[in-house]
Structures are given as C-alpha cells and as structure tokens.
Amino acid sequence: MSAHFEQTPASVLARLDALREGDAPTHGGRVLSYVYDSGVAELDELAASAIRAVQPVNALDPTTFTSVAAMEREVIGFARAVFHGDEQVVGTVTSGGTESCLLTVKTARELWRADAARRGTPAGTVVPRILAPSTVHAAFHKAADYFGLRLELVPVDPESGRPLAADFAALLAGADDVALVVLSAPAYPHGVLDPIAEVSALAAAAGVSCHVDACFGGFVLPWWPGVDAASWDLQLPGVTSLSADLHKYGYAPKGASVLLQRGRDRQRQQYFATTGWPGYPVVNSTLLGSKSAAALAAAWAITQTLGASGFARLTESCARATAALADTITGIDGLRVVGHPTGPAIAVAVDESVPAERRVDPHHWADQARTHGWQLQLQPGFTQSDGTRLPPTAHLTVTPVTESRLAELTTALVAAADEVRGVPAVDVTPLLASLGGAFGGALPAALDAASAFALLQAIGLAPDAEGSPEAGAGGADAALPERLAPFLALVEALPPAVAEPLLTELIARLVEPA
Ligand SMILES: *Cc1c(COP(=O)(O)O)cnc(C)c1O
C-alpha cells in the first residue's frame, strides 16, 4: 500500500536530529544523573537491535507474543539468582522503578486489607501506613498518594544519612495499621545503605511486608567491593520484595525494572484481572495494558550478553571511579561527602567545620561545574519530622564511563570549587518578600494554573506579558535559567502547597501547543 505523506520521513528525522542537539548528552559521563552509560558502545547497539526486533509486539499478551514471556522469565531468573532469591521468589519486569514501587505498595495494601478484614476491622475505617526513612524515593510518596496509604517518614541521622532500627521498632510496636516498611539499597539522595538486616527482622516479627528498594543500586551492589549480600538482599527472610532497575545499572534503555516478590500468593495481589466486561479477559501484571516489549528485549539482550561476570567488571570500574571522586571531593577545602556511600552515588554538602570564607556552597559549586561542562544534580535541604535538617547537596551518580573521564572531571570539580569558594548560599528572603508583595502581602495558600504561571513570570521562569523570558537561557525552548541555585533555594523556601503547583506549572506549560 502506498501512503500519502505531507513531509518526507527524512525531513522529519532531520528535525528530530536537530531537536536532539538541544538535549543534554546521554553518553560520555557529562551528566551525573538520569543516564547510566556503560561506556560500551556495543551494548547500545545490541539494545537497539533488540528493540527493533520486537518493535511491533504487544507485551500485553504473552500467550500471543510468546517471546515476551520467554524474555521476562529469563530476566527474572537472572535477577533472582543475583539477589539470592529462592524458588519461592517470583517476579515481573515493569516499566521502571516507579512502577515497581507502585506495584509494591498496591500488593502490600491488598495483603493488609485482607489481614484487617480477618481482624474484624470494618473496611475503609483505617488508613494503612507505610514506614520508610526520609530518604526513601519519591516514588513511594506517589504510591501512597495513588493507593490511599499514609507515608510516615522516619528521620535519618543527618551525618550518616541512616535511620535507627530502634525508631522502626518503636513505630511497629503494637501497630496494626502498618502495611509496609520500605528500605533502600542504597537510597538515592546520599547513596547510603539502610539498616536492612535489622529492620527487615523487626518487620517480619511484626508480620509486616518489607520491601528493599534497590532500584538505584540493585545491579551494582552484588559486585560492589566490601558489600555483604546478607546485609541487604533476598537471603534476609524478612525481605518480602525487592526492586532493581534495569534501566539504571542494568544499562538498558529507559522502561525496564524488575520487581521480585516472595511467594506466589503475595505476588498475585500485584495483578489485576477482570472478566467483568464484554471484551477480552484482562490479566495485567503491571499498571499498563497494551505495552511495548522494547525495553524488556533490550534488558534481556544486555543481561544475557554480560552475564554476572560482565556486570562485575562494569561495577569494578564504577567503584574505582566513585572512590576516586569521593577522595577528590574530600580533599576540596569547604566541601564534604555526606555519610559513607555504599554504591555509585555521592552527595556533597558544605563543610561547616571551616571558616565561612573557605566554605563552598554545593549548589553554587554545581552551577559552576556546569559552566565547565559537567552536570551535577542539585538536591534541596530538607527538614525532617523531628526538626533536624538534611543539608542541601550536589548529587553525583557515577557510571562505568566516568572512570575514563576521571582526570577531566576532577579538574573541573576542583576548579569550580575554587571559583565559588566563600560565596554564601542564595538568600531568597528578598525574593520571597517581593513575591508576597505581588500577591498583595502573602502568598496564596493554593495556586491555580493562572496564579502559578503569574508567579513563574514574577521570578523570571516564564515569558512575561510582552513575551520576553527574563531568565530563559540556552535556547528558545529552555525552561530553566543557567544558574539553578536560586531556583532550588526558592523551591526549598516555599511551602509545598505553593512549590508543588509552581513546579507542575513549569513542566505542564512545556507541552502546551503554542
Ligand atoms: C530511580 C529510583 C526509583 C524510581 O525509579 P524510576 O525508574 O525513575 O521510575 C526508585 N527508587 C530508587 C532508589 C531510585 O533510585
């Protein structure tokens, strides 16, 4: 059949190439978050070929597209082996860490509801809780929100980034409203491993589900130097589920994670099945219906090709680069590494033990590193439920490719620190006062789309009425200013009820047709 085209495919693809020029680089290690570069070009080619091979497949139905079941089975088998799951452990390949976390919470909620019913609790009278350290990934905030649970955050020690097992013990004692305990291996913000052995044992004793979120580190920790698998993985009997992202250190393109669950009956609560409509009988293991097999096929091809020994080699490179970077940063006057990271992430805070003129604000440092061509991730300071503060940090995710660029990166990090040493952190008090002024004295308690947009205009993050963006830099489509420190300081200072709609507006407007 011949088709009528309004544009040639070649011209459309040329436009895509042009659009991609504006993207941050996905390879070469210059972006120290979001992308996980193995540094092995062959693996990218392998992934592309695997994606092409399954491009038209609908992974909704593994009985019609049997390759999907075979690949998923083999990826789960690989993951179960490296995380020491026994034959009771079953699993699913999901679309990513967030989906693995959402399904974990959904599962725990169903099991808790069944227990509550057995105890005679009338349905809907108690909101079940999730207990997790403050550093737990935001995906669990989302899951609690979506599935109607309450997330109770357990403060971590600001120095070590770790929670106390005793705090979990106190919260679990006598409570029958806890549906799930979540621990991270390691937690994304600081790369620190939670006390999983201790807390999972407490959860087991209380009869509560316990998830290990190894989305970030799952595919490096089994080979990370000095890490005892018995301190975090499925050989701990109290761990009832574990997630690990294939699209992070599994080096697959985005769209793949593994969720392993202990016990078939537990895992079946993750599924949704219905015969209650006149169409085909529906059985979904994950949130989506029709879905791509692309990322699964890529992840399958990569795990098959690398095998455990291939992962071990890539992890060694990551670990050497992480240790070298941590040493470099510790040696920079005015900066310090937060806690003792276990895995390929480093959070860097100001070293307040030196006089003010020698301190380096991590957000100014990150902004300065960007001018040298390296993108660190800015993390805001955070006040915990007990009033303690986690400091603002710059986050570096280290990937195997980092090792080959270590000299350049080190030079840039040292230079950037020298260039901003002594510059105090952004003070947003004047800006907050002027914003309050723009809204007649006080910021509104809640923002609708129009007032959020007005606020964005007032701080120069959206085009003003005349259409000239005040602070837009880096091209017509750029939404953020070149310096992110003031923006982060503002996000940190604003109440969530203002900051969250503001951020939503910033992102939502990006895709509104002109
Ligand atoms: C990345 C991550 C997630 C969420 O994963 P996405 O793949 O971004 O959806 C959850 N937990 C941890 C610890 C992570 O690092």
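In each ligand, atom 1 is the first atom listed, and ligand 1 is the first ligand listed.
By the salt bridge (charged side-chain N to carboxylate O under 4.0 Å, His left out) test, Glu72 is found to be paired with no residue, residues two or more places apart in sequence or in another chain being considered. Taking the side chain to side chain contact (heavy atoms under 4.5 Å, CB included) definition, one finds that Ser385 meets it with Pro155, sequence neighbours left out.
Tyr188 and His137 have perpendicular rings, their planes meeting at more than 60° on a 0 to 90° scale where under 30° would count as parallel.
Remark: the backbone N or O of Val89 is not paired with any side-chain donor or acceptor of Arg262 at under 3.5 angstrom.
In the vicinity of His247, heavy-atom distances shorter than 4.0 Å reach the ligand 1 atoms 7 (O). Of all atoms in ligand 1, listed by their number and element, those nearer than 4.0 Å to a heavy atom of Gly97 are 4 (C), 5 (O), 6 (P), 7 (O), 9 (O). Close approach of ligand 1 to Tyr188 is summarised as follows: ligand atoms under 4.0 Å from at least one heavy atom of the residue are 15 (O).
Relative to atom 4 (C) of ligand 1, the option among His137, Glu99, Lys142 with the closest non-hydrogen atom is His137.
Tyr251 places a side-chain heavy atom less than 4.5 Å from the side chain of Phe311.
Looking only at protein heavy atoms, the nearest one to atom 11 (N) of ligand 1 is Asp213 OD2, 2.6 Å.
The ring of Phe83 has its center closer than 6.0 angstrom to the ring center of Phe219.
The part of Lys248 lying near ligand 1 is the side chain, judged by heavy-atom distances below 4.0 Å.
At a 3.5 angstrom cut-off on N or O pairs, Gly96 does not count as close to ligand 1.
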